[in-house]
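Take a look at the structure set out below.
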Amino acid sequence: MAKVTAKRTDRQRAAAATRERDARAAYRPGEEPVIRTRGLTKRYGTLTAVDRLDLDIYEGEIFGLLGPNGAGKTTTVLMLLGLSEPSGGEARVLGLDPTRDALEVKRKVGYLPDSVGFYDDMTGRQNLRYTAYLNGMTRAEADERITVLLEQVGLTEVADRKAGTYSRGMLQRLGIADALVKSPEVLILDEPTIAIDPIGVAELLELIRGLVREHRLTVLLSSHLLEQVQHICDRVGIFCAGRLMASGTVTELMGAPTDGSVTLEVGVEGDPTLALEAVRALGGVTAMEPDEGQPGVLVVSAGRDLRNEVVAELTRRGLPISHLVLRRAGLEAVYRRYIQECEERGGGRRERAA
Amino acid sequence: MTAATNVTARLRRPPAGWLVVANKEFGDHVTSIRFVVLLLILAAAIAPPLYFAAGTIRDLAPQASGQPAVFLALFTLSSQDLPILRFDVFVGLLAPLLGIAFGFDAVNVERTEGTLPRLVAQPIHRDDVINGKFAAGLTTIALMLGALTLLVAGFGIFRLGIVPSMSEVVRLLVWYLLTIGYVGFWLAFAMLLSVALRRAAASALIAFGVWFFFMVFWSLVATLAATLLAPATAAPEQVLGNLQFEQTISRLSPATLYQEASLVLLNPVAGSSNVSVPGSLGEYIQAQQQIQSLHSLDQSLLLVWPQVVILIALTVIAFAASYVLFMRQEVRA
């Protein structure tokens, strides 16, 4: 019994923490979103890269746009920056139309492109200085800001080495500094963790999170590696074949399995076969198997939440419960399900394109 | 947005994007190995013509008192044995290479290095990229050609004691501008290729191929076409017709246009008969009887005006094409 309570408290604490985080980024009716798209569409010939996208990103939140390669993430980002013209629908960034006010949008939005590149024969500092000049900064303004940013991304030591000698991780960090040179209000990061080793990814994301809080930015971050970025995103949108399949906080997405089915872990003290029989007697159980990781624990899949019934039945049979956990569908699983669903539907799209 | 931020935004200097791009590109160009190598090649290429021209001028000098435009002869005279060794011919041959060298990888390298999305995401117009790169390339080339021209002029003044007259200086200046315009065409052409082709190697190969074709094969093409389409028979009219046809074809090449304009500008004696095939037998006879006379600069300019206009038009077309193509291209690789 003690174990159950302990588990529950842990979970409650976690839930409270997420609620707190969610409250900060929750949907705020009445507030003007920083990035807002309605029916945004991009077609290349017969291929629809982005299909009627509706997106709202509010001030101060980190929004993760997740989806497999080729889902249309980069296309969306380019349209938000006014670098690609939408075929339909509209986009607003800070209330501006990126197609008409491209310059004003680009002045306020920092952008880290997918696999960012720098001029190899210029130093990291010179590369940033070029960006600063393009943003109309003077030499003195530029140097001051660049020194601070290089320090923040941890590149001070190598700032005067040619960018051609940088590792991928260093280039990525230089790219973040580059996006911040113009003191943007919005930061768009396209696949910031690509081609970096796992430890580097954790560091980079921590860096992004810290910088975002410090510079009070609104962030749109795209990635195809969900488990890497879910921790720093306030909200995520799952994007596939040009369509937004779902969006919400990580907990919202995890807590809402699409068909209402649940997975329980059930453990009793004593003979597990007794528990097996007891649970089997309940209606609604779809599958049952011993848990590989935890001896004596059963993994029960059911069409609905059976927790109370399990407790009642086991208590009636006088079996002491040692373990009862509602397994949340991992975001990974939710993500995979959406992608699978979309690929099944998206088959037609590819045929049309071919 | 409040009125206050609006005002501050407007008070900020308008960042002339193309100027920033041009500055950076120019810095890259003059510190590049490419620049040094090209400068050495050019210097090596003009040394022999200069040597021969100087020798010829020395030989002729005793009888040359009163000879017009001796100073410009430095740029147009060659050795009697090797007529190809002439400064103006060499520049006409090699100057396109400068344009190609500074243009063939202007845009596609930004693409392959992944710097293009970052560049166009800055608050500059997209054409600022092309304008800036064109300006930087042309400035670099103008600097190189200017240095070489001055080197030759200085050599003439110090070693041979030839002092240029004012009109000669002006002619040289106009010729210099013409040459820059001509190289500008090749630069614009190479930049068009760099926008159209994703691989720098491909665009370099095509640019050099086109250059080689115009420099070496175009006269053959013109002769061949003229022989086939307007064969010369015994009749003098038909000989003239053949020649005229050949000239029309050869003038489709920017190299021919430049050579004609260059010849007239550097040689005050050269008249229309040096440039154009006579239209009729009568004109031919007239040209034969013409007394060689000096043309004033405006007369020479009048003579080469069509060539200059066509060269400028070609440059504008190449530039506009790369501009339109670049604006329509997707940013991502």
Side-chain angles (χ1 to χ4, degrees), chain A residues 42 44 49 73-75 77-85 94-96 98 101-122 126-138 141-142 163-164 168 171 174-175 178-179 181-182 184-185 188 190, chain B residues 1-2 5-6 8-35 105-129 131-133 136 200 326-333:
Chain A
K42 179 75 183 184
Y44 295 107
K73 296 175 307 238
T74 302
T75 308
V77 163
L78 291 178
M79 283 193 285
L80 291 176
L81 282 161
L83 295 178
S84 186
E85 207 162 318
L94 295 157
L96 299 161
D101 297 318
L103 239 50
E104 199 53 39
V105 168
K106 290 194 279 187
R107 204 164 280 144
K108 293 176 173 176
V109 179
Y111 174 46
L112 172 70
D114 187 3
S115 57
V116 60
F118 286 92
Y119 302 104
D120 284 349
D121 46 1
M122 284 161 70
Q126 285 167 341
N127 267 293
L128 295 191
R129 204 177 276 152
Y130 184 37
T131 304
Y133 289 163
L134 286 170
N135 281 282
M137 291 163 84
T138 63
E141 285 168 353
R168 193 67 236 172
L171 286 176
L174 188 62
D178 182 71
V181 161
K182 62 176 83 160
E185 294 171 38
I188 295 182
D190 198 359
Chain B
M1 189 191 279
T2 65
T5 54
N6 233 337
T8 30
R10 222 168 284 158
L11 279 179
R12 246 173 116 172
R13 285 163 294 106
W18 72 271
L19 217 56
V20 180
V21 175
N23 245 323
K24 182 249 170 200
E25 294 290 323
F26 181 69
D28 281 358
H29 285 334
V30 292
T31 53
S32 65
I33 299 173
R34 191 184 305 189
F35 180 75
D105 61 351
V107 175
N108 44 20
V109 161
E110 299 262 3
R111 220 180 259 286
T112 49
E113 298 293 308
T115 48
L116 188 64
R118 218 163 45 79
L119 183 58
V120 294
Q122 305 310 325
I124 56 169
H125 294 288
R126 210 189 279 195
D127 51 320
D128 282 337
V129 175
N131 295 347
K133 280 173 182 276
F326 188 53
M327 296 301 264
R328 294 166 59 110
Q329 258 175 357
E330 287 295 322
V331 167
R332 66 156 110 201

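Computation of the quantities below employed the complete heavy-atom set of this structure, encompassing side-chain atoms and omitting hydrogens, waters and symmetry-equivalent molecules. Every chain is numbered from 1 and lettered A, B, ... according to where its sequence line falls, protein lines coming before strand lines.
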(request) Evaluate the side-chain proximity of B:Leu119 to A:Leu134: yes if any heavy-atom separation is below 4.5 Å, no if none is. (result) yes

(request) Report the distance from atom CG of A:Asp121 to atom OG1 of B:Thr31, rounding to the nearest 0.5 Å. (result) 7.0 Å

(request) Would you mind telling me which of B:Pro117, B:Ala121, B:Gly27 has the largest number of heavy-atom pairs within less than 4.5 Å of chain A? (result) B:Ala121

(request) List for me each residue that meets side-chain contact (heavy atoms from CB on, under 4.5 Å) alongside A:Ala102, sequence neighbours excluded, and say none if there are none. (result) A:Lys106

(message) Could you go through A:Tyr119 and B:Glu110, starting from their C-alpha distance and side-chain angles, then the distance that decides it, and tell me whether this counts as side-chain hydrogen bond (donor to acceptor under 3.5 Å, both in side chains)?
(response) CA-CA 8 Å; A:Tyr119 302 104; B:Glu110 299 262 3; 2.7 Å; yes

(message) What part of A:Asp178 gets within 4.5 angstrom of chain B, counting heavy atoms only: side chain, backbone, both, or neither?
(response) side chain

(request) State whether the side chain of B:Arg118 and the backbone N or O of A:Gly117 hold a donor-acceptor pair below 3.5 Å, judged by distance alone. (result) yes

(message) Can you confirm whether more than 12 heavy atoms, excluding those of A:Glu85, are under 6.0 Å from its CD atom?
(response) no

(message) Less than 4.5 Å to any heavy atom of chain B: does that hold for the side chain of A:Asp114, its backbone, both, or neither?
(response) neither

(message) I'd like to know which of A:Leu81, A:Leu83, A:Val105 tops the heavy-atom pair count under 4.5 Å against chain B.
(response) A:Leu83

(request) Supply the atom-to-atom distance B:Leu19 CG to A:Tyr133 OH, rounded to the nearest 0.5 angstrom. (result) 13.0 Å

(message) Considering only residues two or more places apart or on different chains, which pairs with a residue in residues 16-32 of chain B satisfy salt bridge (Lys or Arg N to Asp or Glu O under 4.0 Å)?
(response) B:Lys24-B:Asp28, B:Glu25-B:Lys133

(request) Please flag which part of B:Val21 lies under 4.5 Å from any non-hydrogen atom of chain A: side chain, backbone, both or neither. (result) both

